[in-house]
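Here's the structure, in structure tokens; my notes come after.
Note on naming: letters A, B, ... go to the chains in the order of the sequence lines (proteins, then strands), and numbering restarts at 1 for each one.
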2 protein chains.
Amino acid sequence: MSVRMEDIAKILGVSKSTVSRALNNNPLVNENTKKKVLTVAKRLNFRKNYLARSLITKRTNTIGIVLPNILSSYTHEIVYGVETVANKKGYALILCVSSDDPKKEEKEIHLLREKQVDGMIIFFIGESKHCDCIWELKQDKIPFVLIDRYLKNIYSDFVVTDNIAGAYMAVKHLIKLGHKRIGFIIEPEGSTSILDRIEGYKKALNEFGIKVEKELIKTSPIRREANGYRTMKEFLLMKNPPTAVFAVNDEIAIGALEAIEEQGLKVPEDIALVGYDNLRVSHLLKVPLTTVAQPIQEMGSRAAEILIEKIEKNGITKPQRIFLKPKLIIRESCGGGKNISKRVKKVRLLINT
Amino acid sequence: MSVRMEDIAKILGVSKSTVSRALNNNPLVNENTKKKVLTVAKRLNFRKNYLARSLITKRTNTIGIVLPNILSSYTHEIVYGVETVANKKGYALILCVSSDDPKKEEKEIHLLREKQVDGMIIFFIGESKHCDCIWELKQDKIPFVLIDRYLKNIYSDFVVTDNIAGAYMAVKHLIKLGHKRIGFIIEPEGSTSILDRIEGYKKALNEFGIKVEKELIKTSPIRREANGYRTMKEFLLMKNPPTAVFAVNDEIAIGALEAIEEQGLKVPEDIALVGYDNLRVSHLLKVPLTTVAQPIQEMGSRAAEILIEKIEKNGITKPQRIFLKPKLIIRESCGGGKNISKRVKKVRLLINT
DNA sequence: TTGTACGCGTTATCAA
DNA sequence: TTGATAACGCGTACAA
């Protein structure tokens, strides 16, 4: 069917080794024969078969990335960061989506192994206790870098952002503005990102002598705008609702914003709102959102750099554990330091009618 | 290094053929030996090497997608549509980005060939006259489906949206609201999508007896928000600015919106605005944007379905040329049918001071 | 500088 | 039901 090196060899009456050498810029070939080979190759529109090549060289120049989804702009930016570096370094990228399903995630990781990728970047969503496939990667010395969240019980490379610091900043900002009842909308999963953000939330409250109240931490079902909406409504229906809400990510914050406005309340006058992630949307909202920005693209590109270095040094690098610094982006959803009590009264009034 | 079928064979004292059969659910193997093989395979954590397999079967179960970028939510949604179908049908996805560079695009296509993908989906940005690599794909019978834009001089599968119809709808909507001076911000490239939208714009004007004025069609340098901003400013500085502007995509419309507001003008009271694409952002803007929605995800999923069918029927399917129907999404950026002349006056006043 | 021969890890063919 | 053996297309050590 397709043109092989042997075909070129036969045409020129040379051996296929010579053709191979000519095509691989091997110096052990006469300049003249090389030219001939290249000419014929071009004429026949020859394309090397990387499968056969990789079978011998044990290199595919391909890396895999495993993500829980690709609809969020968060994972989207990760892909961008990874792709940019991979491309620059000459690696192709196989995109795998686990659809938030640990079983599927495991399958994707196995698939990437079968496809003999040189390494992988994994946004791991499985539980720390059930991460055999990650252990196996380590055991079999297949280069991999975790991204966005790390595993406490596995010593490996990872690139994450410092979620404790990020949440701490956000909550401290609200406290400085005079808030004492600060709601927190989180997500159900027990990933390090969420856990660390909870830790940052508590750390800030503790530091300013504010008691952590359980009823102010609510769990939104899944990462969807609609659920920030629903959970915010629950807050608004409380007898003593929070005066500020910290959403564990911007998507939830967007939902919360809609819920607040639907109740006829205003952000930030009635309720202050902080998100997390600094999605590209967030500055375009009706009320530009104060949020914690993570260097998401950088997370992707750093992960790719580390992975590729590891690949090219045959995995003999010491695990790198990178915590990138987040940054508080102050916009309009928190306002300045107005009188809180007035606001609270107004909220109660509106809710109870 | 890694476990091979031969290793399993030696342990069990059988031939590697038997192991292969057992592992591939081939009925020509004793149930008992099959069990033994599977047990040992599991114990040794055996992973098949797909490279070797594909070398023989001539199938990689992998498709490639070539995109001009992955930062826009447009291409993003395409990837989502493609990935979903590919995954369901058991195909892996290699992501290639051409960075709006035709030379690079060609390289990526060649790379995918060398990696022996079973087929590819291409958001082709090269010129119609220089698309040798597409011709070669056709010649060499490598399945491919064009997406978002088609090539007039190549008879091949493609999935696009009907851009003539989409632009026509948008402009007709503005005309029905009373607008006669309708600006149009386009992009420099000569792709079918842009050309067809221009055709739709003209078609609507012609149908209502409005003359097409050259000065009302402005070209924004590249697909970036900032450029919609700049081009809109140019419109606002005209002696006789348009009362409505149709942006060839939402990103440009967003930039235009900011330019208008920065001038102290209001949308839709002072200037009506229509976009194209219905990005997920567009309903969240300060002024929710009236826009033409394309079924982007569907474009991706249809393309993938067609491609995979073609692969599995060994390319003996007749080229499918799909035009998906766009849809006008009416929000707030056009307003109702108010008095135009008043608005025009106000615009002039503001611009000239 | 070139060619021969072998190996990469599978699947496929044929004979047993 | 199994096992030798030959592919698949390429790279490479070794010999020439």
Rounded to whole angstroms, how far apart are [atom1] on [X] and [atom2] on [N]?
X: R53(B); N: dT11(C); atom1: CZ; atom2: P; answer: 5 Å
X: K35(A); N: dT1(C); atom1: NZ; atom2: C1'; answer: 16 Å
X: L55(A); N: dT11(C); atom1: CG; atom2: P; answer: 12 Å
X: N61(B); N: dT10(C); atom1: CG; atom2: C1'; answer: 15 Å

Taking the minimum atom-to-atom distance to the side chain of [X], which one of [options] wins?
X: K58(B); options: dT2(D), dC8(D), dC10(D); value: dC8(D)
X: N49(A); options: dT2(C), dC10(D), dT2(D); value: dC10(D)
X: I56(B); options: dT1(D), dA12(C), dC10(D); value: dA12(C)
X: L28(A); options: dT2(C), dC10(D), dT10(C); value: dT2(C)

Is it true that, when you exclude K89(A) itself, more than 12 heavy atoms of the residues, nucleotides or ligands shown sit nearer than 6.0 Å to its NZ? no
Give the C-alpha distance, both sets of side-chain angles, the deciding distance and a yes or no for side chain to side chain contact (heavy atoms under 4.5 Å, CB included) between V3(B) and N45(B). CA-CA 8 Å; V3(B) 187; N45(B) 199 19; over 6 Å; no
I want to confirm an ordering. Mapping R47(B) and T33(A) to their closest nucleotides on DNA chain C, which one lands closer to the 5' end?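 Checking each residue's closest nucleotide, the 5'-ward one belongs to T33(A).
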Within residues 4-27 of chain B: residues closer than 4.0 Å to DNA chain C (heavy atoms): R4(B), M5(B), K16(B), S17(B), S20(B), R21(B), N24(B)
When you check the gap from the basic side-chain N to the acidic O, do [X] and [Y] get nearer than 4.0 Å?
X: R321(B); Y: D157(B); value: no
X: R4(A); Y: D7(A); value: yes
X: R47(B); Y: E136(A); value: yes

Can you give me the closest heavy-atom contact between N61(A) and D118(A), atom names plus distance? N-OD2, 2.6 Å
